[in-house]
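Data first, discussion second: the structure below is written as structure tokens.
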Amino acid sequence: MIDLKTLRENPDLIRNSQKARGEDVGLVDQLIAADEARRLAVNEFEAVRAEQNTLSKSVGSAKGDEKAKLLESAKELAAKVKAADSKRAELEEASKAILLQISNIVHTDTPVGGEADFKVLEHIGTPRDFAAAGFEPKDHVELGKVLKAIDTERGAKVAGSRSYYLTGVGALLEFAMVNYAIQLAVKAGFTPVIPPVLVKPPAMEGTGFLGQAAENVYHLEEDDVYLVGTSEVPLAAYHMDEILDVDNGPIRYAGYSSCFRREAGTYGKDTRGIIRVHQFDKVEMFIFCKPEEAEAEHAKLLQWEKDFLNAMEIPYRVIDVASGDLGSSAIRKFDCEAWVPTQNAYREVTSTSNCTEFQARRLNIRHKTDDGTKAVATLNGTLVAIPRMIVAVLENHQNADGSVNVPQALRPFLGMDTLLPA
RNA sequence: GGAGGGCUCGCAUAGCGGCCGAGUGCACCGGUCUUGAAAACCGGCAAGGGAAACCUUCGUGGGUUCAAAUCCCACGCCCUCCGCCA
């Protein structure tokens, strides 16, 4: 959630942000009104409450007639307090409801516009010229079959559409990528974490996934728990309601977990292969830091993502995602998009967001500063999302005979230099 | 799933319906003493809102009462024992 002080002092900042996102600007003025009403009601309640407190105290020491008289007026006051209290509660809830609908204030450098208005920051590597090499590249589904690495048919049989099995070298590839990623993360100072993937409502709400993203979240009705779509959720909520010590530098976690996504409303998109699936494993980086360090940490997250992609020897580009395509918590987001030869396109493989204090305010995660206890900043970034990285590696490193060269960095973890048709 | 016990300021504990927003010990911070440290002693030390007065918070939500940490109800979580189980 946004800071109410900013709302009062600089509402235009928030209006412009909402506008840039293509979200409801009117919410800002609704919130200003609701907040004002709320504060009035709070004052009113506190005034009668203070009166009641002093009166109640005098009742205790009074005697006889005096006491009866006091009791009578105390009773009246009690009714007033009750009314003022429920009015306060009502208005507080109303303003909270609006507050939760307003997204974080977009960064001044974030390109304004919709999904297509991203800005390309850089290209790294060059897509291979398969024509010059004299063969037509196979797509990852075909390669997966040839290598007996990916089985989407049996995935569909057993678990439905957007499901798959990783088998043989496919499964080994996942372990190799995860091990390499975790090693990279540990070297960079991250604490590796295997978090729960079933979480309670406050964790889901607090991270902002029950807003616009709610339709993509699996909910287990019977137990009122959610399956997380990313370990960002349990990692962010890990320090919920805590006061952190971030004076000695940021706190960094690398979570490895399965991720579950309903992919509602994507029926036509990416139906072939494992680019868009209901369940996959991912190593996610998550950082808690001082707000003034957030931007520098964001740059570091992007660099670690690039380090991983460089190690995979895959051509990719980095984009600065446009305002209309940001998550509600993020002020700025960089995506790394790997080249997918058979689609002749760059496709998102990793993503890093700077959420400033937005998530931490909801989750009540703070740190001590010279002028009080303040919300920390949170940031997240994908180190590796397995299926998409497998797509990129298989397609980019394939040979004419269907074999695939293993990136140098993965060889020690995989124990082979080439994946051979089975 | 069954039977008990518990949930109070970082930790551990005390707490008669009004004098309790709350005592004590440990930890922590500052000071005295010391060449330095320890010990001892002195002082400070929960969080949020508010300029302040003041208000809110003793697991959560309701209720009783003029007044609730304290009484009643429901729920949650933790622990112990029993059953079941990867």
Side-chain angles (χ1 to χ4, degrees), chain A residues 1-9 31-100 194-206 210 219-227 234 237-248 251 257-258 288 291 357-376:
Chain A
M1 61 180 129
I2 56 161
D3 186 4
L4 285 176
K5 276 210 176 105
T6 310
L7 176 84
R8 287 171 206 145
E9 289 162 12
L31 183 57
I32 290 171
D35 181 52
E36 189 129 347
R38 189 203 108 240
R39 283 193 293 162
L40 268 173
V42 168
N43 286 344
E44 232 163 88
F45 163 74
E46 288 187 357
V48 280
R49 180 59 136 182
E51 210 179 318
Q52 183 188 37
N53 283 345
T54 39
L55 188 56
S56 279
K57 266 175 198 158
S58 60
V59 169
S61 47
K63 294 255 158 67
D65 276 1
E66 180 72 22
K67 184 159 187 169
K69 236 172 112 184
L70 282 177
L71 269 179
E72 205 172 304
S73 50
K75 265 187 195 172
E76 266 173 53
L77 243 188
K80 269 197 208 166
V81 169
K82 211 168 186 180
D85 192 30
S86 58
K87 187 174 174 196
R88 178 196 57 86
E90 211 173 279
L91 292 176
E92 268 178 2
E93 205 172 311
S95 72
K96 184 88 183 252
I98 301 169
L99 176 60
L100 290 180
I194 296 176
V197 293
L198 279 171
V199 301
K200 299 194 285 180
M204 216 59 184
E205 280 160 16
L210 293 185
H219 180 223
L220 307 190
E221 199 85 39
E222 187 129 37
D223 300 286
D224 196 20
V225 289
Y226 295 90
L227 278 165
Y238 186 59
H239 287 303
M240 186 161 62
D241 295 320
E242 291 180 24
I243 295 172
L244 302 181
D245 182 0
V246 285
D247 285 341
N248 302 313
I251 299 175
S257 84
S258 292
F288 298 91
E357 298 104 297
F358 191 84
Q359 274 181 337
R361 257 184 227 113
R362 284 190 181 199
L363 291 165
N364 191 29
I365 304 172
R366 298 162 297 163
H367 73 297
K368 303 241 189 210
T369 72
D370 290 338
D371 45 15
T373 313
K374 298 271 160 82
V376 299

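- Nucleotide B/C71 has B/G63 as its partner under the Watson-Crick or G-U criteria, with both atom distances under 3.5 Å.
- The listed nucleotides are B/G50, B/G48, B/U56; the one nearest the side chain of A/F45 is B/U56.
- With rounding to the nearest 0.5 Å, the separation of OH in A/Y226 from CD in A/E205 is 6.5 Å.
- When each of A/R366 and A/E51 is assigned the nucleotide of RNA chain B bearing its nearest heavy atom, the one mapping closer to the 5' terminus is A/R366.
- In this entry B/C19 has no Watson-Crick or G-U wobble partner, no candidate having both defining distances under 3.5 Å.
- A/L55 comes within 4.0 angstrom of no nucleic acid atom, judged by non-hydrogen atoms across all strands.
- If you check every strand for non-hydrogen atoms under 4.0 Å, A/N43 touches nothing.
- Put simply, CG on A/D241 is 19 Å from P on B/G76, counting in whole angstrom units.
- Every side-chain contact (heavy atoms from CB on, under 4.5 Å) that A/N53 has, sequence neighbours left out, goes to A/R49.
- Rounded to an integer number of Å, the gap from CD of A/E242 to C1' of B/A47 is 14 Å.
- Here A/T373 contributes atom OG1 and A/L244 contributes atom CG; the two are 11.5 Å apart, rounded to the nearest 0.5 Å.
- By the 4.5 Å heavy-atom criterion applied to side chains, A/R8 and A/E36 are not counted as neighbours.
- B/C81 and B/G2 make up a base pair, with Watson-Crick or G-U wobble contacts both under 3.5 Å.
- In terms of phosphate contacts, A/N53 brings no side-chain nitrogen or oxygen within less than 4.0 Å of OP1 or OP2 of B/A67.
- At whole-Å resolution of the value, CD in A/E44 and P in B/U56 are 16 Å apart.
- At the phosphate of B/A47, OP1 or OP2 sits under 4.0 Å from a side-chain N or O atom of A/K368.
- Remark: A/R49 is not in phosphate contact with B/C54, judged by side-chain N or O atoms under 4.0 Å from OP1 or OP2.
- Nucleic acid contact class of A/R88 (heavy atoms, under 4.0 Å, all strands): none.
- With a cut-off of 3.5 Å on both Watson-Crick or G-U wobble distances, the partner of B/A12 is given as B/U24.
- Partners of A/R362 by side-chain contact (heavy atoms from CB on, under 4.5 Å), not counting sequence neighbours, listed by chain and number: A/M1, A/L100, A/F358.
- In this structure, A/Q52 reaches the sugar-phosphate backbone alone: every heavy-atom distance under 4.0 Å involves primed, P, OP1 or OP2 atoms, never a base.
- Between the CG atom of A/N43 and the CD atom of A/E46 there is a distance of 6.5 Å, given to the nearest 0.5 Å.
- Atom-to-atom distance recorded for A/D245:CG and A/I251:CD1 is 7.0 Å, nearest 0.5 angstrom.
- Pair assignment for B/C41: B/G31, on the basis of Watson-Crick or G-U wobble contacts that are both within less than 3.5 Å.
- Each of B/U64, B/A47, B/C66 was ranked by its minimum atom distance to the side chain of A/K75; first place goes to B/C66.
- Across all strands shown, B/G76 forms a Watson-Crick or G-U wobble pair, both distances under 3.5 Å, with B/C7.
- Proximity of A/R39 to the phosphate of B/G50: no side-chain N or O atom is located under 4.0 Å from OP1 or OP2.
- No engagement by A/K69 is indicated, since no non-hydrogen atom pair under 4.0 Å with the nucleic acid exists.
- With both ends at atom P, the span from B/A68 to B/G59 equals 15 Å, rounded to whole Å.
- Taking the side chain of A/E46 as heavy atoms from C-beta on, and the options B/G18, B/A53, B/G50, the nearest nucleotide is B/A53.
- Distance noted for atom C1' between B/A14 and B/C85: 42 Å (whole Å).
- Between B/A67, B/C77, B/A47, one nucleotide has an atom nearer to the side chain of A/S56 than all others, and that is B/A67.
- With distances taken from any side-chain atom of A/T373 to the nucleotides B/G18, B/G49, B/A47, the minimum falls on B/A47.
- Each of B/C55, B/A67, B/G50 was ranked by its minimum atom distance to the side chain of A/A78; first place goes to B/A67.
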